[in-house]
Chemist: 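Could you have a look at this structure, given as structure tokens, before my questions?
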There are 2 protein chains.
Amino acid sequence: MQDSETRSEPATPETKPRRSDATRAAILAAARERFAADGYERATIRSIAKEAGIDPSMVMRYYGNKEGLFAAAAEIDLNLPAPMDLRMQPADHVGRTLVSHFLDRWEQDEVLTALLRVGATNSAGAERMRQILKEQIGPIAAQVCPDPADAPRRAALVASQVLGMALARFVLRFPVAVAMPKEEVVDWLAPTVQRYLTAPEP
Amino acid sequence: MQDSETRSEPATPETKPRRSDATRAAILAAARERFAADGYERATIRSIAKEAGIDPSMVMRYYGNKEGLFAAAAEIDLNLPAPMDLRMQPADHVGRTLVSHFLDRWEQDEVLTALLRVGATNSAGAERMRQILKEQIGPIAAQVCPDPADAPRRAALVASQVLGMALARFVLRFPVAVAMPKEEVVDWLAPTVQRYLTAPEP
DNA sequence: TTTGTTGGTCAACGCTTGTTGGCAACAGTA
DNA sequence: TACTGTTGCCAACAAGCGTTGACCAACAAA
């Protein structure tokens, strides 16, 4: 197989544009939409290709196989505020800032819903979520919480509440959870997240 | 098709035992295990039948089709304490009691994990979860919270935290969440659930 | 004993899936 | 011009899926 084709992360930061870049992007966008709506198994390569307006075999050529496609589609950056910025604002606003950011992020980007759906049934998806917790939420907790040694625990607690609300609102669609305005959700969850991050061990 | 065979809930409370009851139970147990481990799509009728030690066609005869099998396997009773019992104990212990109960329940019964997995990708699974929220968690909130009018909202908030922790611990298996002893999880989550149930609107 | 019902297996159906290889059109280069 | 690599479509493959119907063995009722 052509090794230089199937990579999704170029070895060099700068890669010369290819004529097929538009197609690659279309495939990725379609994949995200289908994974978000259907989960890993029911999002078929054929349906993704159809939505992207190309032949299924192109997906294979550009992403190797279905797993590779998912890995590329689930490249996620939560864009969390830098830990330093968080330390500069009033200590009791961190929870509110984070919850608000998470909800925004979820509403604007279907990839997060996709990952949540896939993580529930697919081991690669679950692994990717563990990685995001470790690399993106962990550092925040480490900077904000009193004792950096138990930052991972606090990060997991925060994740449990945030993911739980995302599950209720965007995946399971509990009617009341969907109907609640974003500000109200923030009002309820912010103190929880704040406590998980900064309260002394119970 | 034989109508009297495919029902899973007998019209009359008492139904005479059939010779095939053992097989039916074996199928149901195998189905719960496979759905919990693999989710809806990857849990195949063939694999379930194999685990139950019978032929795939038996599954069809007794449960109609795959959806019917799942519906039967996802018949869930959270066994929550009666709302009245909750009102009798100190008001600030309700959160702790509930969280502890949920964690026990989850650990002892893989069906809950199965439903969580399936609910994330399957619309019937999600519908079942909405039903459980409404019929089993809702009433508790209605009895415990200050204004019964917003009981549904409070129930959804409780569910978001409890389901989020179940997701982290039993499905995504965040290492720290798995490693935390049950008592510690209760210590952290109890005040959250307590506040969602009884605190005045934020 | 005969007859009807129930519990169970077997082999196959039609369909969808991920995946592959061949082939044509095009672009860039020499 | 001829040559080489890229982009794309088409047709097909093998495997696995849910589901079906024919068929047999054991039991129960007559």
Side-chain angles (χ1 to χ4, degrees), chain A residues 1-7 10 15-28 30-31 34-35 37-73 118 121-125, chain B residues 1-8 10 15-31 34-35 37-73 118 121-125:
Chain A
M1 323 258 165
Q2 324 115 295
D3 197 6
S4 65
E5 288 282 13
T6 49
R7 62 143 191 266
T15 310
K16 74 169 70 175
R18 284 159 295 203
R19 224 175 352 126
S20 58
D21 281 347
T23 304
R24 295 176 128 91
I27 294 175
L28 224 45
R34 299 324 306 159
F35 282 137
D38 297 336
Y40 187 80
E41 332 282 338
R42 286 182 30 222
T44 68
I45 297 228
R46 284 172 158 90
S47 72
I48 291 169
K50 191 171 186 179
E51 187 159 321
I54 45 91
D55 189 88
S57 62
M58 302 298 293
V59 178
M60 307 301 296
R61 189 178 309 190
Y62 292 144
Y63 295 96
N65 54 28
K66 193 178 179 181
E67 274 194 41
L69 173 62
F70 171 74
V118 176
T121 44
N122 179 275
S123 68
Chain B
M1 325 249 167
Q2 323 116 295
D3 198 3
S4 65
E5 289 280 14
T6 50
R7 61 141 191 267
S8 55
T15 310
K16 74 169 71 175
R18 284 159 296 202
R19 251 189 313 147
S20 58
D21 280 348
T23 303
R24 296 176 127 92
I27 293 175
L28 224 45
R34 299 325 305 160
F35 282 137
D38 297 336
Y40 187 81
E41 331 283 338
R42 286 183 28 223
T44 68
I45 296 229
R46 284 171 156 90
S47 72
I48 291 169
K50 191 172 188 179
E51 187 160 319
I54 44 92
D55 190 89
S57 62
M58 301 299 291
V59 178
M60 307 302 294
R61 188 180 298 181
Y62 292 146
Y63 294 97
N65 54 28
K66 194 179 179 181
E67 274 193 40
L69 173 62
F70 172 75
V118 176
T121 44
N122 179 275
S123 70

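No hydrogens, no waters, no symmetry mates; every other heavy atom, side chains included, goes into these values. By convention in this document, chain letters (A, B, ...) are assigned in the order of the sequence lines, proteins followed by strands, and residues within each chain are numbered from 1.
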Chemist: Calculate the interatomic distance between B/Asp21 atom CG and C/dG8 atom P; express it in whole Å.
Modeler: 10 Å

Chemist: Nearest to the A/Asp55 side chain among D/dT19, C/dG7, D/dC9, which nucleotide is it?
Modeler: D/dC9

Chemist: Roughly how far apart are B/Leu69 CG and B/Met60 CE, rounded to 0.5 Å?
Modeler: 9.5 Å

Chemist: Rounded to whole angstroms, how far apart are CG on A/Asp38 and C1' on C/dT16?
Modeler: 15 Å

Chemist: Could you state the interatomic distance from CG (A/Asp55) to CZ (A/Arg46), rounded to the nearest 0.5 Å?
Modeler: 9.5 Å

Chemist: Enter the distance from B/Arg24:CZ to B/Arg61:CZ here, rounded to the nearest 0.5 Å.
Modeler: 10.0 Å

Chemist: Report each atom pair, protein N/O against N/O of nucleotides 24-28 of chain D, whose distance is under 3.5 angstrom.
Modeler:
none

Chemist: Could you check which of C/dG7, D/dT19, C/dG18 has an atom nearest any side-chain atom of A/Lys66?
Modeler: C/dG18

Chemist: Hey, could you give me the CG/OG1 distance between A/Asp38 and B/Thr121, rounded to the nearest 0.5 Å?
Modeler: 9.5 Å

Chemist: Separation of B/Ile45 atom CD1 from D/dT19 atom P, in whole Å?
Modeler: 5 Å

Chemist: Establish whether the base of D/dG18 is bridged to the side chain of B/Arg46 by a donor-acceptor pair shorter than 3.5 Å.
Modeler: yes

Chemist: Does A/Ser57 place a side-chain N or O at less than 4.0 Å from the phosphate oxygens OP1/OP2 of C/dT19?
Modeler: no

Chemist: Between B/Tyr40 and B/Phe35, how do the two ring planes meet: parallel, tilted or perpendicular, split at 30° and 60°?
Modeler: parallel

Chemist: Considering only side-chain heavy atoms of A/Arg61, which listed nucleotide, D/dG18, D/dG8, C/dT19, is closest?
Modeler: D/dG8

Chemist: Would you mind reading off the distance between A/Arg18 atom CZ and D/dG8 atom C1', rounded to a whole angstrom?
Modeler: 16 Å

Chemist: Rounded to the nearest Å, what distance is computed from the CD atom of residue B/Glu41 to the P atom of nucleotide D/dG16?
Modeler: 18 Å

Chemist: Taking for each residue the nucleotide of DNA chain C bearing the nearest heavy atom, is the 5' side occupied by B/Met58 or by A/Thr44?
Modeler: B/Met58

Chemist: Out of curiosity, A/Lys50 NZ to A/Thr44 OG1, how far, rounded to the nearest 0.5 Å?
Modeler: 9.5 Å

Chemist: Atom CZ in A/Arg34, atom CZ in A/Phe70: separation rounded to 0.5 Å?
Modeler: 15.0 Å

Chemist: When you measure from the side-chain N and O atoms of A/Ser20 to the phosphate of D/dT7, is any distance below 4.0 Å, counting only OP1 and OP2?
Modeler: yes

Chemist: Between A/Thr23 and B/Ala43, which residue's closest nucleotide on DNA chain D lies nearer the 5′ terminus?
Modeler: A/Thr23

